[in-house]
Amino acid sequence: DVKVTQSSRYLVKRTGEKVFLECVQDMDHENMFWYRQDPGLGLRLIYFSYDVKMKEKGDIPEGYSVSREKKERFSLILESASTNQTSMYLCASTGASPNTEAFFGQGTRLTVV
Amino acid sequence: RKEVEQDPGPFNVPEGATVAFNCTYSNSASQSFFWYRQDCRKEPKLLMSVYSSGNEDGRFTAQLNRASQYISLLIRDSKLSDSATYLCVVNSYQLIWGAGTKLIIKP
């Protein structure tokens, strides 16, 4: 059974804290993505990575950074959390072929207080 | 214009009815297309891929119209358990997601 695993389902952090969200996939996928999902706005791409140590900005990268040191792991970092980063964060991965489906982690609901 | 557009709904449909919704996309070079289903507070999960010739999976039929640049999803004999948000996804260099169409099936 293929899996994308996010480190936490729920997180509560204080404003200004550094936050790490981890994502691990066991499908040997090349591509990994971080999205945030807010009511009425759908999935918005924060960053994605096509290979180890490679990263590209998505539509809303401000306030975030990422790290991909190993193929199976893609980390999202909030350098200084703010209340407007309260959201559901979803990690996804796909294979190299454009016809492959995306597999998602279960999501992390982050609340910044 | 958004790259992928969906009617957000909600579509309120009686149980047993047929419901259809479309998703339009702007990039004519898009290569692959999918429908995902997302339940409340859960992650999206693949419902079906969309092939050029159209494809069917039980009560669900997906179609692609490249000339008019839209994909469609038809649900026949709708069940209460079909209530969810349906997301269309277009793969053109990267995955582009629609914002989703909310479907509510009523008894």
| task | Search all heavy atoms of B/Arg41 against all heavy atoms of A/Arg109 and return the closest pair with its distance. | result |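 Minimum heavy-atom contact is NH1-NE, 3.3 Å.
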
| request: Check B/Trp97 against A/Ala102 and note the closest heavy-atom contact, atom names and distance. | output: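 Minimum heavy-atom contact is CZ2-CB, 4.4 Å.
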
| message | Run B/Tyr36 and A/Leu43 through side chain to side chain contact (heavy atoms under 4.5 Å, CB included) and show every step you take. | response | CA-CA 12 Å; B/Tyr36 277 71; A/Leu43 285 164; over 6 Å; no

Using the rule that two of Ile, Leu, Val, Met, Phe, Trp, Tyr join whenever any of their side-chain heavy atoms come within less than 4.5 Å, decide whether [X] and [Y] are in one cluster.
{"X": "A/Tyr47", "Y": "A/Leu110", "result": "yes"}
{"X": "B/Tyr86", "Y": "B/Val90", "result": "yes"}
{"X": "A/Val4", "Y": "A/Ile46", "result": "no"}
{"X": "B/Phe11", "Y": "B/Leu80", "result": "yes"}

Is it true that atom [atom1] of [X] has more than 12 heavy atoms of other residues, nucleotides or ligands lying nearer than 6.0 Å?
{"X": "A/Gln25", "atom1": "CD", "result": "yes"}
{"X": "B/Tyr51", "atom1": "OH", "result": "no"}
{"X": "B/Lys45", "atom1": "NZ", "result": "no"}

| task | Please examine the side chains of B/Lys42 and A/Gln106, heavy atoms only from C-beta on, and report whether any two atoms are closer than 4.5 Å. | result |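 No, every pair of side-chain atoms sits at 4.5 Å or beyond.
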
| query | With a 4.5 Å heavy-atom cut-off, do A/Gln6 and B/Glu43 have their side chains touching? | reply |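 No; the side chains remain at least 4.5 Å from each other.
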
| Which bit of B/Pro44 comes within less than 4.5 Å of chain A, counting heavy atoms only: side chain, backbone, both or neither? |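 Contact with chain A involves both backbone and side-chain atoms of B/Pro44.
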
| query | For B/Gln6, is it the side chain, the backbone, both, or neither that has a heavy atom closer than 4.5 Å to a heavy atom of chain A? | reply |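 It is neither, since no heavy atom gets under 4.5 Å.
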
| query | Between CG of B/Leu87 and CD of A/Gln37, what distance do you get to the nearest 0.5 Å? | reply |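 So the gap between those two atoms works out to 7.0 Å.
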
| Could you state the interatomic distance from OH (A/Tyr35) to CG (B/Leu95), rounded to the nearest 0.5 Å? |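 Result: 4.5 Å between the selected atoms.
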
| said: Which atoms of A/Thr94 are under 4.5 Å from chain B, going by heavy atoms: the side chain, the backbone, both sets, or neither? | reply: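 Side chain only.
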
